[in-house]
Amino acid sequence: MTDRRRSDDYKQVSGYIPLELALEFKSICARLGISQSDAIEEMTQEWLAKKTGSLSKKAQAPKTIADLVQANMAKLKRCGVKNLQALAKGEVLPTPGDFAIITSALAIPEEERKQIWQQTFQISVYQDTKGVKIYKDSGGVKEDECECS
């Protein structure tokens with residue numbers, strides 16, 4: 001978990017809102033199990049997109065599953081997908097079932113789902129005399145290589 005208070009990548013924003021609104025906000029965050037910081041970040045991204053007519057760099061169309069999870073962490077905490085922090089960092093990959101839950105919760109169209117899945121995995125297949133080797137392409141380094149006959 002990122003310690004936002006000590007991170008150079010985060011800045012505190014504050015303001016004053018009516019007491020009833022503040023109490024309701026805190027109550028809903030607690031009930032949904034999301035941090036107030038995550039909720040404020042999500043609301044700020046949506047507000048900026050609405051006011052400027054464009055998406056912030058972080059809120060632009062995600063290219064990989066990690067981008068998708070990172071940009072929508074607050075919404076996804078309510079969906080029951082495990083390892084969200086690790087998914088957002090690209091340390092682990094979701095199961096196809098978790099990917100379906102993530103994209104359904106975010107109402108991602110089918111074509112965009114396919115693009116995100118393909119961009120994340122970039123599967124390469126080549127023929128070998130022993131059979132077909134399949135590996136995850138990670139910049140020229142073969143990881144998780146396996147042989148299939």
Side-chain angles (χ1 to χ4, degrees), residues 1-4 7-13 15 17 21 24-149:
M1 179 88 158
T2 303
D3 183 0
R4 294 180 180 191
S7 175
D8 291 335
D9 294 331
Y10 290 87
K11 181 72 177 160
Q12 182 178 355
V13 176
I17 59 175
L21 186 60
E24 184 177 5
F25 172 71
K26 290 179 178 196
S27 173
I28 291 173
C29 285
R31 187 172 63 236
L32 296 175
I34 63 172
S35 72
Q36 293 174 39
S37 291
D38 285 340
I40 290 170
E41 183 177 345
E42 180 183 334
M43 289 185 290
T44 303
Q45 287 177 349
E46 291 174 7
W47 184 84
L48 287 171
K50 181 179 171 184
K51 295 297 181 186
T52 63
S54 65
L55 299 174
S56 69
K57 188 175 184 180
K58 190 174 180 181
Q60 290 176 354
K63 291 188 166 91
T64 66
I65 295 170
D67 295 339
L68 181 67
V69 172
Q70 188 176 35
N72 296 284
M73 185 72 79
K75 289 180 185 175
L76 295 173
K77 285 185 177 180
R78 299 175 277 230
C79 297
V81 176
K82 296 178 182 176
N83 300 322
L84 282 178
Q85 293 290 337
L87 285 169
K89 293 177 185 175
E91 295 172 346
V92 298
L93 295 170
T95 64
D98 280 346
F99 182 69
I101 292 169
I102 290 166
T103 55
S104 293
L106 300 173
I108 307 280
E110 184 64 30
E111 190 57 39
E112 192 176 337
R113 290 178 190 204
K114 290 177 186 176
Q115 291 172 350
I116 293 168
W117 185 266
Q118 291 170 349
Q119 186 68 27
T120 299
F121 287 94
Q122 293 183 354
I123 300 295
S124 297
V125 179
Y126 65 92
Q127 190 67 36
D128 189 332
T129 56
K130 296 180 182 177
V132 177
K133 289 187 178 181
I134 302 173
Y135 63 92
K136 180 180 157 202
D137 184 5
S138 60
V141 178
K142 296 177 185 176
E143 294 178 356
D144 304 322
E145 186 172 313
C146 65
E147 289 191 24
C148 304
S149 297

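Along the sequence shown, the residues carry numbers beginning at 1.
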(request) Answer whether the closest heavy-atom distance between the side chains of Q85 and E91 falls below 4.5 Å. (result) no
(message) Return the NZ to OG1 distance between K114 and T103, rounded to the nearest 0.5 Å.
(response) 12.0 Å
(request) Decide yes or no on side chain to side chain contact (heavy atoms under 4.5 Å, CB included) for I40 and M43, but give the supporting numbers first. (result) CA-CA 5 Å; I40 290 170; M43 289 185 290; 4.1 Å; yes
(message) Contact between P94 and I65 at the side-chain level, heavy atoms closer than 4.5 Å - yes or no?
(response) yes
(request) Please report the closest heavy-atom contact between S35 and C29, naming both atoms and the distance. (result) O-SG, 4.3 Å
(request) Can you measure from CG (N72) to CG (D67) and round to the nearest 0.5 angstrom? (result) 10.5 Å
(message) For a quick test of reading the model, state the closest non-hydrogen atom pair linking R113 to A100 and the distance between them.
(response) NH1-O, 4.4 Å
(message) Could you check whether atom CD of Q36 has more than 12 heavy atoms from other residues, nucleotides or ligands sitting under 6.0 Å from it?
(response) yes
(request) Could you check I116, T120, L93 and say which one makes a side chain to side chain contact (heavy atoms under 4.5 Å, CB included) with F99? (result) I116
(message) Once rounded to the nearest 0.5 Å, what's the spacing between atom OG1 of T95 and atom CD1 of I102?
(response) 8.0 Å
(request) Quick one: closest heavy-atom pair of L76 and A105, and the distance? (result) CD2-CB, 4.3 Å
(message) Please report the interatomic distance CG(L87) to CG(D98), rounded to the nearest 0.5 Å.
(response) 7.5 Å
(request) Considering non-hydrogen atoms only, spot the tightest contact between V69 and L84 and give its length. (result) CG1-O, 3.6 Å
(request) Enter the distance from L68:CG to M73:CE here, rounded to the nearest 0.5 Å. (result) 10.5 Å
(request) Any chance you could measure E42, atom CD, to I34, atom CD1, to the nearest 0.5 Å? (result) 6.5 Å
